[in-house]
Amino acid sequence: MIIGSYKAEHGSDSADQDFAERAMASARDSMKDPTSVMFKDVTASAKAKCIEGMILAKNGLGAYTGYQSFVWINGQTHIDPGKLEVAPLVDNMKEWDDYNTASHNCGSALAQAMGEGPVLKIAHYPEGAE
């Protein structure tokens with residue numbers, strides 16, 4: 001079933017759609033330039049209380065830096081800080097740990113929700129974003 005730019009799996013309900021819209025709005029609002037944000041490959045579930053996928057936004061210099069993995073769980077947006085390298089270890093260890101914990105928790109919750117029924121899949125948002 002196609003709902004706007006959402007591609008919902010058969011049986012996905014409006015609770016998942018409403019949840020995804022609220023979670024993506026929260027994730028969008030946490031970015032430096034909320035008007036520039038685009039999403040793709042998003043999986044969302046109201047039962048799991050989280051979403052995960054890819055997010056694209058402009059940085060402080062006004063340039064797009066490429067899609068990055070993100071997780072939204074417990075009202076917080078976690079962006080994948082990239083590879084953990086030896087040099088910046090002290091600088092991004094907490095950010096890296098927070099993202100990985102959130103990603104693990106969301107992945108587990110989504111897996112459980114998928115076992116109980118369909119979840120919402122969003123290919124691109126807003127419509128036409130790639």
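Predicted model only: the values in this text are computed from it and were never measured. Side chains are part of it too, since the values below use all heavy atoms of this structure and drop only hydrogens, waters and symmetry mates.
Residues satisfying the side chain to side chain contact (heavy atoms under 4.5 Å, CB included) test with N100, not counting sequence neighbours, are W96. Under the salt bridge (charged side-chain N to carboxylate O under 4.0 Å, His left out) criterion, D98 pairs with K94, sequence neighbours left out. For the side chain to side chain contact (heavy atoms under 4.5 Å, CB included) test, residues two or more places apart in sequence or in another chain that qualify with N59 are L61, A63, T65. With sequence neighbours left out, the side chain to side chain contact (heavy atoms under 4.5 Å, CB included) criterion links S108 to H104.
F70 has its side chain within reach of I51: a pair of non-hydrogen atoms, C-beta onward, lies under 4.5 Å apart. Considering only heavy atoms from C-beta on, E116 comes within 4.5 Å of K47 through its side chain. Between M114 and T43, the closest side-chain pair of non-hydrogen atoms falls below 4.5 Å.
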Worksheet entry | Intermediate values then yes/no, side-chain contact (heavy atoms from CB on, under 4.5 Å), Y67 and M38 | CA-CA 9 Å; Y67 277 97; M38 292 181 263; 3.8 Å; yes

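Residues K49 and F19 approach most closely at C-CZ, 3.3 Å, considering heavy atoms. In this structure, V119 and S45 approach most closely via the heavy-atom pair CG1-CB, 3.8 Å. Closest non-hydrogen pair, A44 versus L110, comes out as C-CD2, 4.3 Å. Across all non-hydrogen atoms, the minimal contact from A48 to A113 is CB-CB, 4.2 Å. Residues D16 and L120 come closest through the heavy atom pair O-CD2, 3.7 Å. Minimum interatomic distance between M24 and F39 (heavy atoms only, all atoms of both residues): O-CZ, 3.5 Å.
Screening residues 22-36 for salt bridge (Lys or Arg N to Asp or Glu O under 4.0 Å), with sequence neighbours left out, gives no hits.
We find the NE2-OG distance between H78 and S69 to be 13.5 Å, quoted to the nearest 0.5 Å. Between M54 atom CE and L56 atom CG the span is 9.0 Å, to the nearest 0.5 Å. Here I79 contributes atom CD1 and E95 contributes atom CD; the two are 9.0 Å apart, rounded to the nearest 0.5 Å.
Distance alone, capped at 3.5 Å, is enough to place a donor-acceptor pair between the Y64 side chain and the S36 backbone.
Its side chain within the 4.5 Å cluster rule, I73 clusters with V71, Y99 among the Ile, Leu, Val, Met, Phe, Trp and Tyr residues.
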